[in-house]
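In the text below, chain A, chain B and the rest are named by the order of the sequence lines, each starting its count at 1.
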Amino acid sequence: MELDDLKSAWQKMGKDNSPIDEQSLKGLTSRESKSFLKKIRKNMFIDVVAGVAAIIFILIMIIQVRHSSLSFPGLALLVVLFLGWIGLAYPRLYKSSQEPPSTGNILAHLNEKITSLEKDLNFYKNLNIYMYPLAVVVGLILDKTTLTAIQEQISNNTVSLLIIILAFAIVFPLYVLFVKWWTNFMYGRFVKRLKDMYNELITDEIEEE
Amino acid sequence: MAKANESEFLKLYQENQGIVYKICHLYGKTEVDKQDLFQEITIQLWKAFPTFKGTAKFSTWMYRVALNTAITFFRKGKKKRSEVELNTDFARTLTYEDYDDETEQRLKLMYAAIEKLNEIEKALVFLYLEDKAYREIAATLGISEVNARVKMNRVKTKLKKLLN
């Protein structure tokens with residue numbers, strides 16, 4: 001059987017289905033979109049909010065266990081940072097998930113989705129790279145007891161400062177690598193799938209030229 | 001929904017809803033998939049409706065929005081029951097009553113082979129089966145006419161291999 005033999009059966013397809021009524025259509029259009037692009041942006045936003053919640057929880061636990069004295073400027077800075085992160089992530093990740101559907105051709109649609117998704121993934125990745133280390137630094141400022149202990153240790157022994165710098169120089173790049181891997185592991189396959197489709201469309205176009 | 005807009009959309013949608021059924025049938029693997037895709041395409045069509053200026057045919061515009069939605073409607077995780085109970089039975093979209101047993105069997109095999117194609121190939125097959133000219137297929141895909149012909153021939157060969 002050839003594909004052309006299917007044409008007549010294809011034309012008849014769906015003819016027996018009764019037209020959708022007004023009530024069903026209203027029910028459908030009032031529903032939330034299940035688009036994967038919308039879902040992954042929402043997931044990224046939830047990740048950021050969950051990250052902020054986790055930092056707050058850990059700090060409260062540390063403060064309670066260690067009976068630390070609180071530094072007001074540190075606390076204020078931390079609150080500003082939390083609000084800033086969520087404020088940055090909301091329009092970028094949550095609101096962009098409400099973007100209107102593409103009415104252009106498939107190639108343009110794919111290109112548009114790849115570009116916007118890559119931008120959002122970069123934003124998410126950078127936010128994670130700086131959010132947690134910054135929270136650790138601010139957390140130290142907030143926790144006067146630990147900060148004083150570190151200061152004393154450094155002033156008594158210059159090697160301690162070297163060890164701290166060295167630890168940071170090793171741990172931070174490792175952390176950056178982990179974030180990149182995690183972002184790719186969680187969301188990279190969606191970009192890859194879109195790119196595969198895009199490349200498939202343009203492959204012969206390039207050969208023609 | 002604004003009342004005038006709503007009735008205009010409903011009228012155009014009802015006239016062309018076969019397109020949505022066929023796309024869902026082609027891209028959805030299970031009944032739940034098809035129902036979900038049907039819902040998603042309808043939502044996207046309604047959201048995009050204000051951009052429909054009426055300069056092109058509604059069906060042409062519908063092909064684009066529906067195909068764009070279908071090719072990027074990735075499913076993952078558990079397949080939950082569709083949220084809206086639709087009065088649609090996708091099994092009914094496939095009617096073999098007019099065919100003898102042998103033809104029916106061959107048609108089923110052909111559909112099974114099409115199911116194995118990727119999203120772009122399915123879009124090509126869909127437009128081809130809709131009897132669209134290569135010029136229109138190329139415009140919907142965003143590629144040149146020559147490229148559309150080359151790809152279509154490749155899909156036909158692939159289907160032949162899958163059937164043998």
Identify which of [options] forms the greatest number of heavy-atom pairs closer than 4.5 Å to chain A.
{"options": "B:I114, B:D131, B:L67", "answer": "B:D131"}
{"options": "B:L45, B:V155, B:I120", "answer": "B:I120"}
{"options": "B:V125, B:L159, B:L109, B:L141", "answer": "B:L141"}
{"options": "B:L124, B:T69, B:N118", "answer": "B:N118"}

> Is any side-chain N of the basic residue among A:K26 and B:E6 closer than 4.0 Å to the acidic one's carboxylate O?
Replying inline: yes
Reported [atom1]-to-[atom2] distance for the pair [X] and [Y], which is rounded to 0.5 angstrom:
{"X": "A:S102", "Y": "B:R64", "atom1": "OG", "atom2": "CZ", "answer": "11.0 Å"}
{"X": "A:L110", "Y": "B:I71", "atom1": "CG", "atom2": "CD1", "answer": "4.0 Å"}
{"X": "B:E119", "Y": "A:D196", "atom1": "CD", "atom2": "CG", "answer": "10.0 Å"}

With only heavy atoms counted, which part of [X] is less than 4.5 Å from chain A, the side chain, the backbone, both or neither?
{"X": "B:Y13", "result": "side chain"}
{"X": "B:M62", "result": "neither"}
{"X": "B:I41", "result": "neither"}
{"X": "B:A123", "result": "side chain"}

> Would you find a donor on one side and an acceptor on the other, under 3.5 Å apart, between the side chain of B:N147 and the backbone of A:L201?
Replying inline: yes
>> How close do A:H109 and B:N68 get, counting heavy atoms only, and between which atoms?
In response: NE2-O, 3.0 Å
>> To check you understand the geometry: which heavy-atom pair defines the closest contact between B:T140 and A:N105, and what is its length?
In response: O-CB, 3.2 Å
